[in-house]
Number of protein chains: 2
Amino acid sequence: MQETKKLAQTVKVNPQDNVAIALYDLEAGVRTTENVVTLEKIPQAHKVALKDLHVGDEIIRYGVLLGYANRKIKEGSWINEEMVTLPKMPSLEQMDYDRDYQVALPVAKQGTFAGYENPRGGFAGTRNILAIHTTVQCVSGVLNVAVKKMKQELLPKYPHVDDIVPINHAYGCGVAINAKEAKVPIRSLRNLVHNPNFGGEVMVVALGCEKLTPEMLLEEEDNKSENVIVLQDLPGFEAMIQALMAMAESKLERLNARRRTVLPLDQLCIGMQCGGSDAFSGISANPAAGYAADLLVGAGATVMFSEVTEVRDGVQYLAKRCQSSEVRDKLIGEMAWYDRYLEQGEVDRSANPTPGNKKGGLSNIVEKAMGSIAKSGTAPIAEVLSPGERPRSKGLIYAATPASDIVCGPSQLASGITLQVFMTGRGTPYGLAAAPVIKVCSRNEMKDLWADLIDVNAGAVATGGSTIAEMGGLLFDKIIRVASGEEQSFAEKYQLHNDFCIFNPAPIT
Amino acid sequence: MQETKKLAQTVKVNPQDNVAIALYDLEAGVRTTENVVTLEKIPQAHKVALKDLHVGDEIIRYGVLLGYANRKIKEGSWINEEMVTLPKMPSLEQMDYDRDYQVALPVAKQGTFAGYENPRGGFAGTRNILAIHTTVQCVSGVLNVAVKKMKQELLPKYPHVDDIVPINHAYGCGVAINAKEAKVPIRSLRNLVHNPNFGGEVMVVALGCEKLTPEMLLEEEDNKSENVIVLQDLPGFEAMIQALMAMAESKLERLNARRRTVLPLDQLCIGMQCGGSDAFSGISANPAAGYAADLLVGAGATVMFSEVTEVRDGVQYLAKRCQSSEVRDKLIGEMAWYDRYLEQGEVDRSANPTPGNKKGGLSNIVEKAMGSIAKSGTAPIAEVLSPGERPRSKGLIYAATPASDIVCGPSQLASGITLQVFMTGRGTPYGLAAAPVIKVCSRNEMKDLWADLIDVNAGAVATGGSTIAEMGGLLFDKIIRVASGEEQSFAEKYQLHNDFCIFNPAPIT
Ligand SMILES: [Ca+2]
Ligand SMILES: [Ca+2]
Ligand SMILES: [Ca+2]
Ligand SMILES: [Ca+2]
Ligand SMILES: [Ca+2]
């Protein structure tokens, strides 16, 4: 059985499908696992027709409609994105949730992790980081010079602190701060201050004349002189560096006293996203991540998934899993908001997938959506968050964010994740400064190529060497070990940190 | 006379004005230079009424209408922003340019500078920098690690190279690349490659699956393997670092062979912008900058000024100075584009000025505009550029960009500036990695406070210690010395570098 699986040439995900996915580059004349002979070369991860298709015929994968054939396609042919007409986007008007949605989640073998208890309550940290927040990009030049000095002179004195991270961003001034949608970046930056990996310490660098004031960034009780440095109040550059060093040291002293303790998994909050997806992502990496999500949620943990444009075309399947009509309504509201946002820019969902996705075999946004949704597993959706909002519930949470990797990351950090699992098909060296990122690839070839960047290779799920449950279990174990500080991911080890690209849907001025 | 000037309490810019500006915090009962007695405390840089004003009366400064009194204001009273109703925005419909606009520009004492001749033709460099461009933010984590290593291990071996600068930005993927307005960020990044400070060398780091491909970023002849590293083609992190180091070294070798030569000023292209303005900006720093601009343009150099929302309310004065109806039409087109852009976000020009501007005495956008326009001097406008465009003309150029300091900077760099002069009232430690920034302050107090951040103090123009022409001449000399590498500005000395915040008016996905 194992043997046969390993020799598979193609994979058909759902019995209803009339296409299969090539597990390797296939030549013409190869007999697929479904007993169809290829008529031409089929690139790896691309679709092969399992029957003759006529113009207008439905193309089915994951048991759902990907689109319609816009030409005659012979059994055994390659189906590329140009042959598939996109179906109508699901209407947001009548989208029922399933009152009776129930699912038996798999049981994890472990119900605890070693985290940093949050002095402010709520989720625990997986790392112990001094974050230095900023109200405005203007201060970044000075802050970066200071952080370099802090890392050289202060950090080695405080061995229980993992890192010092400046939260530099492009928001704060030169923006329409009273625009309706300014609430998105402001909320994101406000909530980022409370990320559990920052241990409840607050340090903010302001300029003094910016639009985003410390009052707008901080809770009232945090907005005090021991937490906020205003550069315009200080006599020059050297004085700024001194003030920054002194405040950092006082925060480092307190952070350095923290220790990990064994905590129940309901104090863990992680995020999932994918980037550089291919057609394998929906077969191997994302379903394995979905299984790990089910294990985590079953054990009480909180798992966020995101990426509006990537779930939009499968949103009816998410709506069904919403725990209440309120949650469903918020989901629909977020989708409608993003529809309008794209419409205003005179673009639509065809802006996603990327050329790389298409090269990787993803014909369109429906195929990408079904693969993307797979990472949410099967649990009911307990809450839906607007971009950068903090949750009130535990369990599986849909945090509506752009699909852009570099924007989704900071958004989820603002919503409180302390670790991110990142699925990739084509590979990206993505990483976050504020939380470890575990990278999971969809194909063996990716792991072969990027041995020192990919943490977990889910490729064996596609080629038959592993089941989804086995791979999901391995990923769960990895998440617990990294969350507990027993291991670092490669992105963490090499300090691969992307910028804090904050989502600002409002104009700049 | 000098004595009297130094004792001035207030300044009236234009004989028609019915307000004066307080040069210091004035108590009630102080006799102003215009022989009016203050009725209450007037904060420094704020306006004092020089006559009784009734509801609906015009408030005049710079000889232009700032707005209408919305309450009774007694002679000697403080006029703050709440008392001034904004006039209607000048209509873009009928805006004549002056066919006969002529001006005698002042004559500079020097017509050359020592720059790096551009191997590709066009403007010369003021610095010799290895820029490493990126197609997408995904690669930034790896690139930053590599650049740190390059600066430690390679840069010391090439003493004639000033710096190695990674051009990290938030664009490239997760964006609506086919949106109408995507041309703005794409053009900006394309043109940034050609900034004269980068010496004609091209080095690009791509991922491999992003929307912004190397083909879109580079001219055809530059898009070759010796200039482009694609991370997805390389076997892992260590291999990426090796490839980046090797390519950087080959570029550094060539850059290191370059030397400064004496060049005519028509090979110099600088930018001007202001940030953290106050009411003094329009009296001292900006008029001095304007005089320096006149000296430069008179000597053949190119000077760009920008910041759409800040000139919008004085655009009729710029239209008059356009050199042809085509230039005027492009100016109007850029203003109309920005009006629509703000409207779409449901904001208007009241989004500018900032709270800091208001605290600094700037009542509204008209007052800010007149102060901002002062930095353009008096020369005719030879060309108007869309954001990130490269000029075809020399002389005074209006480069339409957002007013946001951190967005205007990279936009002007894309348009080819090799040095920026930055006027500030309230102070910002702003700097650019790709070009020296000379900071000019508007008030003596600012220089007293930030002695090691402000390069030129124009405060004496307001307090009577210096004329605009004297200060403009000093600034001209400073520009030539910094451009020629004889001096560093403070931002350059301390390496205060803001991020490359590229203007993207299109949606992200
Ligand atoms: Ca994704
Ligand atoms: Ca993503
Ligand atoms: Ca990290
Ligand atoms: Ca300005
Ligand atoms: Ca500005």
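Note that these values count all heavy atoms, side chains included, but never hydrogens, waters or copies made by symmetry. Here is how names work: the chains are called A, B, and so on, in the same order as the sequence lines, proteins then strands, and each is numbered from 1. Computed from a predicted model, the values in this text were never measured in an experiment.
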Quick one: are [X] and [Y] in side-chain contact, heavy atoms under 4.5 Å?
{"X": "A:Pro429", "Y": "B:Leu207", "result": "yes"}
{"X": "A:Ile241", "Y": "B:Tyr494", "result": "no"}
{"X": "B:Asn144", "Y": "A:His497", "result": "no"}

Reported [atom1]-to-[atom2] distance for the pair [X] and [Y], which is rounded to 0.5 angstrom:
{"X": "A:Glu346", "Y": "B:Gln344", "atom1": "CD", "atom2": "CD", "result": "7.0 Å"}
{"X": "A:Trp450", "Y": "B:Leu234", "atom1": "CH2", "atom2": "CG", "result": "9.0 Å"}
{"X": "B:Lys358", "Y": "A:Cys209", "atom1": "NZ", "atom2": "SG", "result": "13.5 Å"}
{"X": "B:Leu342", "Y": "A:Ile508", "atom1": "CG", "atom2": "CD1", "result": "10.0 Å"}
{"X": "B:Glu210", "Y": "A:Arg426", "atom1": "CD", "atom2": "CZ", "result": "10.0 Å"}

Smallest separation among heavy atoms of A:Ser404 and B:Cys173, with atom names: OG-O, 4.3 Å
Shortest non-hydrogen separation from A:Asn498 to B:Gly141 and the atoms involved: ND2-N, 4.3 Å
Please evaluate residues A:Leu496 and B:Val145 with respect to the criterion side-chain contact (heavy atoms from CB on, under 4.5 Å), reporting the C-alpha separation (whole Å), side-chain torsions for both, the decisive distance (0.1 Å), and the verdict. CA-CA 7 Å; A:Leu496 305 180; B:Val145 172; 3.9 Å; yes
Bottom line for A:Glu181: the part with an atom under 4.5 Å from chain B's heavy atoms is neither
Could you check whether any side-chain N or O of [X] sits under 3.5 Å from a backbone N or O of [Y], counting only pairs where one atom can act as donor and the other as acceptor?
{"X": "B:Asp452", "Y": "A:Gly236", "answer": "no"}
{"X": "A:Asp405", "Y": "B:Cys138", "answer": "no"}
{"X": "B:Asp499", "Y": "A:Gln137", "answer": "no"}

Looking only at heavy atoms and a cut-off of under 4.5 Å, which of A:Tyr341, A:Phe503, A:Tyr338, A:Tyr430 has the most pairs with chain B? A:Tyr341
